[in-house]
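Reading through the structure tokens given below for one structure.
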Amino acid sequence: MFEALEKLGYGISLSLEPSNLLYAAIGSVLGTLVGVLPGLGPVTTIAVLLPLTYHAGSPLGAIIMLASIYYGAMYGGSTTSILLKVPGEAASVITCIDGYQMAKKGRAGPALAIAAIGSFIAGTVAVCALALVGPLFAKFAVTFGPPEYFALALFGLSLSATLSGGSPVRGITMVLVGLLLGLVGIDTITGVERYTFNIMAITDGIDLVPMLMGLFGVAEILHNLEDKSRGSLLSTKIGRLFPSRQDWSESAGPIARGSVIGFFVGLIPGGGAILASLMSYTLEKKLSKTPEQFGHGAIAGVAGPESANNSAATASFIPLLTLGLPGNAVTAVLFAGLLIQNVQPGPLMLVKNPDVFWGVIASMYVGNIMLLVLNLPLVGLWVQLLRVPSWLLSATILLIAIFGTYSLRSNFADVTTLMLFGGIGYLLRKASLDAGPLIMAFILANILDTALRQSMLMGDGSLMIVLQRPLSLIILLVATLILVAQLWSYFGRVRVRPLPSET
Amino acid sequence: MNRPLATARLTTPTYVAVLMLLVLALTFGLGAFRLGFWVDDAPGPGVLPLAVSIALLVLLVLVVREPLPADERAFALAPAAAILATIVYAIVVPYTGFVIATLALLIVWIRGFYRQSLLRAVVASVGLTASGLVIFPLLLKVPMQLGPAW
């Protein structure tokens, strides 16, 4: 335990170097700047700003900037949830309930402050837990063979497909599409080109970053073109910023409980953060002496879910850093950020790049501190951004997406990929097909393919080996149970509509 | 704001998306046969694509059969035109360089899709493009082709 904390201390000392602090400040400001804009959630924000981290001086600097963008974007999302009732992401929906009611009563300041402070405390708890649990997970994961990886990849995919919200049928469909797209490029085992159609630009596979920016960034602004009637959104005043003594006493318990709930629930790939927020809100309402205030501006209804949300977001890094499996769309985008810096997340990361492993964990903490030091006092400035007209916002994002994508490899093909996936992302969104599971599957495709074929090789052409090894069998059983339960419950609710030809 | 769908048509977003994904599934599924399923005494590169393509075909049938989401809306003209504009941009930018193509795209974007005055569209486009050029080629030292290639 002390060894882990000592290494975390080392990581923090690296992160506190002046240049890295500067990257943290820039990342935090940029993340909030974009994240606070209505309709732009953390995934879009990080995707749009991702190329900028490429130009940071060192891998650690880039990762610190990335973590700060992440926390800034999350805080930006909370700001719009509280002030506008526009959640930046699904997990912030719960914050809207009481946060917006507080804002309507002129108590937006304490709501924003408690959201930031609760997030900071929860982030601190989660980072310490991550430092303790992460290496244990990594040591355990080193013993995994292809069958275990195959089962784990299937587990992650089944959860992301079913827990991402909406119809599980559509979620699984997107996972399958992501798997197919992820298989484009040179096959790592035989060296054969798959589905490249002699196009040079995709010989090494479809590049993840332009694809991400297209699916999330460009698709978002295309979708926003359908509703250009946004006028002045902000009608509430911030009021006094710092919470009163009573606010503190009402928030302390929810923050502590939210931090713990968030961490454990956040370990579940797929929908950890929203589940954590919801569980925290339900628990606080049950424990409250005045449950009738929930839904009418109870500060505990902001403190608990925001803390749980942040803690879960940090915990979701454990599967990413120790197993190399992104558990949600945000960690999938961060996965891309690490790859840009030639850092391969996974069990060997702790062995091969211990500085980066501890640097990543420490950078999350630095990002969290920066959020508190920089973003909270500047809340008045962020609020002014809500007045940016939609035409200017849209054109700015488009420009950043184009120049940012090109800047990664100075390759025009990336701009084509960006635009192509922008159009595809718009169409998928119109059809209620979530791009989150697609991205996760895209990243996991080669892991799954390699593990599948290596397992078959180990089993003399049969996949029974996956069922013969206890760990892979357990993982596979849990994945199957979750998948079947979700589909069972879904088909129980939905009456299948006859095909048009049958009518 | 575009209107909600009263009845399902072939242009319903879900059906258009299903058609696109059907082409993808068929392309990958048929392509898997060319890649091979057992190569040099080992599972070949076509195994997973074939399995996933078949599963995708089944899922697409289920997507078509399930009720359309309540909030599904018909396609609007502006995003379709915007997609066309971005694709044209991607095609011409290697020839014109970033300055001309970006200025043109932003003017079309602001004037055409957001109905701002021409003067405002031109001023904002020049300002945004200039800011982008200051940040990327100048500050971040990204080599960018600014002018025409010819």
Side-chain angles (χ1 to χ4, degrees), chain A residues 52 55 166-167 169-170 172-173 176-177 179-180 183 187 189-190 192 194-195 218 222-223 225-229 390-392 394-396 398-400 402-403 406-407 410 412 415-416 418-420 422-424 426-428 430-433 448-449 452-453 456-457 461 494-497 499-500, chain B residues 1-2 8 13-14 16-17 20-21 24-25 27-28 31 35 39 42-45 47-49 52-53 55-56 59-60 62-67 69 72-73 75-76 78-79 82-83 86-87 89-90 93-94 98 102 105-106 109-110 113-114 116 124-125 128-129 132 135-136 140 142-144:
Chain A
L52 294 179
H55 302 284
S167 149
V169 169
R170 286 171 192 247
I172 299 168
T173 303
L176 297 174
V177 173
L179 283 176
L180 289 182
L183 293 173
D187 170 33
I189 295 180
T190 60
V192 170
R194 286 194 285 198
Y195 310 107
V218 176
L222 288 171
H223 193 261
L225 280 177
E226 290 183 1
D227 184 16
K228 295 167 285 190
S229 57
S390 55
W391 61 268
L392 185 57
S394 168
T396 308
L398 186 65
L399 183 94
I400 295 173
I402 294 169
F403 282 22
Y406 182 81
S407 75
S410 297
F412 284 113
V415 179
T416 309
L418 169 84
M419 298 312 191
L420 208 60
I424 293 171
Y426 166 75
L427 172 60
L428 295 177
K430 285 290 291 179
S432 304
L433 291 160
L448 188 78
D449 185 40
L452 166 75
R453 286 157 67 190
M456 283 175 77
L457 210 55
V494 175
R495 236 189 30 219
V496 174
R497 189 169 49 86
L499 279 167
Chain B
M1 174 86 84
N2 54 338
T14 290
V16 177
M20 179 181 76
L21 300 181
L24 183 85
T27 308
F28 276 72
L35 292 169
V39 180
V47 174
L48 191 62
V52 174
S53 300
L56 183 56
L59 262 293
L60 289 177
L62 292 177
V63 170
V64 172
R65 287 184 69 93
E66 74 175 4
E72 183 148 329
R73 300 279 189 277
F75 284 111
I83 291 170
T86 55
I87 289 173
Y89 175 87
V93 73
F98 276 102
T102 308
L105 176 68
L106 293 182
W109 199 269
I110 298 168
F113 303 133
Y114 283 90
Q116 299 297 309
S125 302
L128 283 172
T129 309
I135 294 169
F136 287 91
L140 298 176
V142 176
M144 289 178 88

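Each chain gets a letter, A, B and so on, in the order its sequence line appears, and its residues count up from 1.
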Q. Can you tell if the side chain of Arg65(B) reaches within under 4.5 Å of the side chain of Val169(A), non-hydrogen atoms only?
A. no
Q.
Between Val47(B) and Asp449(A), is there a side-chain heavy-atom distance shorter than 4.5 Å?
A. no
Q.
With chain A as the partner, which of Ile110(B), Thr27(B), Leu62(B) has the greatest number of non-hydrogen pairs under 4.5 Å?
A. Ile110(B)
Q: Work out which heavy atom in Pro45(B) is nearest to a heavy atom in Arg194(A); give both atom names and the distance.
A: O-NH1, 2.8 Å
Q. What's the spacing between Phe28(B) CZ and Leu179(A) CG if we round to 0.5 Å?
A. 10.5 Å
Q. Do Phe98(B) and Tyr406(A) pass the ring pair (Phe, Tyr, Trp, His ring centres under 6.0 Å) test, and can you show the C-alpha distance, the side-chain angles, and the key distance before you say yes or no?
A. CA-CA 10 Å; Phe98(B) 276 102; Tyr406(A) 182 81; 4.6 Å; yes
Q | Leu183(A) portion near chain B, given a 4.5 angstrom heavy-atom threshold | A | side chain
Q. Which heavy atom of Ala124(B) sits nearest a heavy atom of Trp391(A), and at what distance?
A. CB-CZ3, 3.5 Å
Q | chain B contact via Val192(A) - side chain, backbone, both or neither, heavy atoms under 4.5 Å | A | side chain
Q: Can you label the angle between the Phe75(B) ring and the Tyr426(A) ring as parallel, tilted or perpendicular, going by 30° and 60°?
A: tilted
Q.
Quick check: do Ser407(A) and Met144(B) have side-chain heavy atoms less than 4.5 Å from each other?
A. no
Q. Run the side chain to side chain contact (heavy atoms under 4.5 Å, CB included) check on Val142(B) and Phe403(A) step by step: do they pass?
A. CA-CA 9 Å; Val142(B) 176; Phe403(A) 282 22; over 6 Å; no
Q: Mind ranking Ala55(B), Gly31(B), Pro143(B) by heavy-atom pairs under 4.5 Å with chain A and telling me who comes out on top?
A: Pro143(B)
Q. About how many Å separate OG1 of Thr173(A) and CG of Leu60(B), when rounded to the nearest 0.5 Å?
A. 6.0 Å
Q: Flag the one option from Ile189(A), Leu427(A), Val415(A), Leu428(A) with the top tally of heavy-atom pairs under 4.5 Å to chain B.
A: Leu427(A)
Q) If we only count heavy atoms from C-beta on, is the Pro43(B) to Leu457(A) side-chain gap below 4.5 Å? A) yes
Q | Separation of Leu105(B) CG from Leu399(A) CG (nearest 0.5 Å) | A | 9.0 Å
Q. Do you know which of Ala82(B), Ser53(B), Gly44(B), Ala25(B) has the most heavy-atom pairs under 4.5 Å to chain A?
A. Gly44(B)
Q: Compare every heavy atom of Ser390(A) with every heavy atom of Tyr114(B), then report the nearest pair and how far apart it is.
A: CE2-OG, 3.8 Å
(Q) For a 4.5 angstrom cut-off between non-hydrogen side-chain atoms, does Arg170(A) reach Thr14(B)? (A) yes
Q: Output the distance between atom CD1 (Ile135(B)) and atom CD1 (Ile400(A)), rounded to the nearest 0.5 Å.
A: 7.0 Å
(Q) At a heavy-atom distance under 4.5 Å, which candidate from Leu418(A), Leu392(A), Ile402(A) has the highest pair count against chain B? (A) Ile402(A)
Q | CG on Leu225(A) to CD1 on Ile83(B), rounded to 0.5 Å | A | 9.5 Å
Q) Of the non-hydrogen atoms in Leu176(A) and Val52(B), which two are nearest, and what is the gap between them? A) O-CG1, 3.4 Å
(Q) If you define the side chain from C-beta out and look only at heavy atoms, does anything of Leu222(A) sit under 4.5 Å from Phe113(B)? (A) no
Q: Measure the OH-CG distance between Tyr89(B) and Leu398(A) for me, rounded to the nearest 0.5 Å.
A: 8.0 Å
Q | Proximal component of Leu35(B), with respect to chain A [non-hydrogen, under 4.5 Å] | A | side chain
Q) Where does Thr190(A) contact chain B at under 4.5 Å (heavy atoms): side chain, backbone, both or neither? A) side chain
